[in-house]
Amino acid sequence: MKNFLLSIFILVVFLPGGIQAQEEERQEIIEEVKPRNNECLECHGQDEYTYFNEQLGRDVKAQMCEDYIVSEEEYYQANHFSFACVDCHSSGFNEYPHPAEARFEQIYSCTDCHGFSESDEKYQFSKIEESYKESVHHKRLGEDFSCWSCHDPHTYAIKARESNNIKNIVSYNNSMCLDCHSDVEKFEMLSGEKKNVFEHHEWLPNQNLHFNNVRCIECHTEVNKDILVAHKVQPKKEAVRKCVECHSENSLLLSTLYKYRVQENRQKNGFYNGVILNESYVIGASRNEYLNVISIVLFFAALGGILVHSLLRYFFVKK
Amino acid sequence: MEEKTYLYPKWIRLWHWSNAIFFIVLIVTGLSMQYSSQDYQFIPFSQAVYWHNIAGILLIIDYIIFLTGNALTMNGKYYKVKRKGLIDRIKKQFYYYTIGIFKGEKAPFPVNEERKFNPLQKVAYVGAMYVLIPLVIVTGVALLFPEMIVHKVFGVSGTLLTSLLHIAVGFLLTLFLLIHVYFSTFGKRVSSNFKSMINGYHEGH
Ligand code: HEM
């Protein structure tokens, strides 16, 4: 209790200040990169752009291809907000019209930059890469699939560790999968197969509820103790299909979705167990220890009462 | 001389036994879901959910039959509780069950056409049929369509509260069932009241 009050005190007094300082620093960095990025975003920030066509001698309006649009708002909220576009993209893009070689640039992958610093240690990048290499995505698609296929570096924001809102984490996460898997054409382009995820999940009761409250990876990845978010996405036939894997006291969810918070705070005998603490309700995984004990005591008290009464009746009531 | 009174019309007997069957299915599947574990499931989880839902819906239909029957026939009057002197009557019945019966005293409220239930029985039936069953039905329907449930109540998941209430009331009804079956043995013979609930005739002492 003391600790609890103390942490509340610290939170109330110091946190707002800390958050504010962080926010100010962030804004400063953004102000610094913005002028450089604005040159790019002038065209790439929306779905249409205007350029001067020298041969025609006039301004031409054209449509920006969807894949080349970066939303300014999302970009500055994402993890890579501090970078200028040409920090990662070929400096050839500084020229306009962009030269052809620039377009064939080799793009960095996550582990070209990540995994070397001390602050990256907790993320276990090398283990993530190892897991990913064993995933169905890598095995089937090889070089055609990469970290970027799911983690758009322009919008990627770390969620599982930092957000307290499970619903947000879930919808953010699932949108990564559904981006391809719910788009029949896009999926066909990548895999050559025509599939509809929603049809494939028809067996799942309350499909909507599951899709909105549980991450796809809960059932479709192999859990890895060392990393927070499992990356070994499994082939279809290995997906979890047994309800009890989640709907039981030792719910799988405790080792995946709720892992981080459960590690921090596992109240075994409290009014809530780890799962409920995180605002979601999972049948079977949400037993209440107090009610359990009370109900067993009451049940046996009633049974005992009946037994005693019937014995007394048997011996003492004259017919 | 054998005295027999026709107390349980056909519709109440049909309601009662189908209700009892659905109820037992609900208890067994409910317990199985609540205590499912990866190593052992009494009934496979998805099967338990399926049969719990089916039995629940059938029980609701049955309950509507019970309400309608009691509203349209004379049977409803047995469920009217007169407040005046209720406590005294309950005390008397309680005394009979705990002490009187062993002293060979006569039951204070013998069954007859005007009085099918003794005071304790009446309170228990009214409590079960007009308080607990409606509660378990309302919470059960809510859990069947969880989108209906208020997302949060004072920061706690609405679904969790609904489910706790559902389970707690289900448990109380299970206790009711246990005690109810035991008190059904207080007929002329141990088996008499069970027979009455089948053939409709109550056997007097
Ligand atoms: C194995 C299960 C059950 C058995 C053996 C059983 C037995 C009996 C018997 C023998 C009677 C007639 C005597 C009396 O009125 O007390 C009766 C009546 C009754 N039972 Fe049950 N019962 C069972 C389950 C239930 C359940 C689950 C409920 C409700 C939740 C219930 C509610 C009632 C009610 C309301 C009556 C009075 C009906 C009337 O005459 O209006 N019973 N039961």
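Residue numbers begin at 1 in each chain, while the letters A, B, ... track the order of the sequences. Because the structure is predicted, anything quoted here is derived from the model rather than measured. Excluded from the calculations below are hydrogen atoms, water molecules and symmetry mates; all remaining heavy atoms, backbone and side chain alike, are included.
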Verify the neighbour count for atom [atom1] of [X]: are there more than 12 heavy atoms of other residues, nucleotides or ligands below 6.0 Å?
| X | atom1 | answer |
| --- | --- | --- |
| A:Phe198 | CZ | yes |
| A:Phe300 | CZ | no |
| A:Glu73 | CD | no |
| B:Tyr95 | OH | yes |
| B:Trp11 | CH2 | yes |
| B:Tyr50 | OH | no |
| B:Lys116 | NZ | yes |

Practice prompt. Would you give the length of the straight line joining atom CZ of B:Phe171 to atom CG of A:Leu291, rounded to the nearest 0.5 angstrom?
Written response: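 One finds 9.5 Å between CZ of B:Phe171 and CG of A:Leu291.
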Worksheet entry | Atom pair OG1 (B:Thr185) and CD1 (A:Ile306), whose distance is rounded to the nearest 0.5 Å |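 One gets 9.0 Å once the value is rounded to the nearest 0.5 Å.
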Fill in: Contact class of A:Leu209 relative to chain B, heavy atoms under 4.5 angstrom
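Only the side chain of A:Leu209 comes within 4.5 Å of chain B.
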Worksheet item: Considering only heavy atoms, which portion of A:Leu312 lies under 4.5 Å from any heavy atom of chain B: side chain, backbone, both, or neither?
Response: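 Both backbone and side chain.
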Response to the item:
Most contact-rich option vs chain B, by heavy-atom pairs under 4.5 angstrom, among A:Gly305, A:Ala302, A:Cys243, is A:Cys243
Fill in: Closest approach of A:Arg313 to B:Phe102 (non-hydrogen atoms, all atoms of both residues)
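Between these two residues, the closest heavy atoms are N-CE2, 3.5 Å.
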Discussion item. If you compare all heavy atoms of B:Leu175 against all heavy atoms of A:Phe299, which two are closest, and at what distance to 0.1 Å?
Written reply: CD2-CA, 3.9 Å
Worksheet item: Does A:Ser310 offer a backbone N or O that forms a donor-acceptor pair with the side chain of B:Tyr182 under 3.5 Å?
Response: yes
Discussion item. Can you classify the ring geometry of A:His309 versus B:Tyr97 as parallel (below 30°), tilted (30 to 60°) or perpendicular (above 60°)?
Written reply: perpendicular
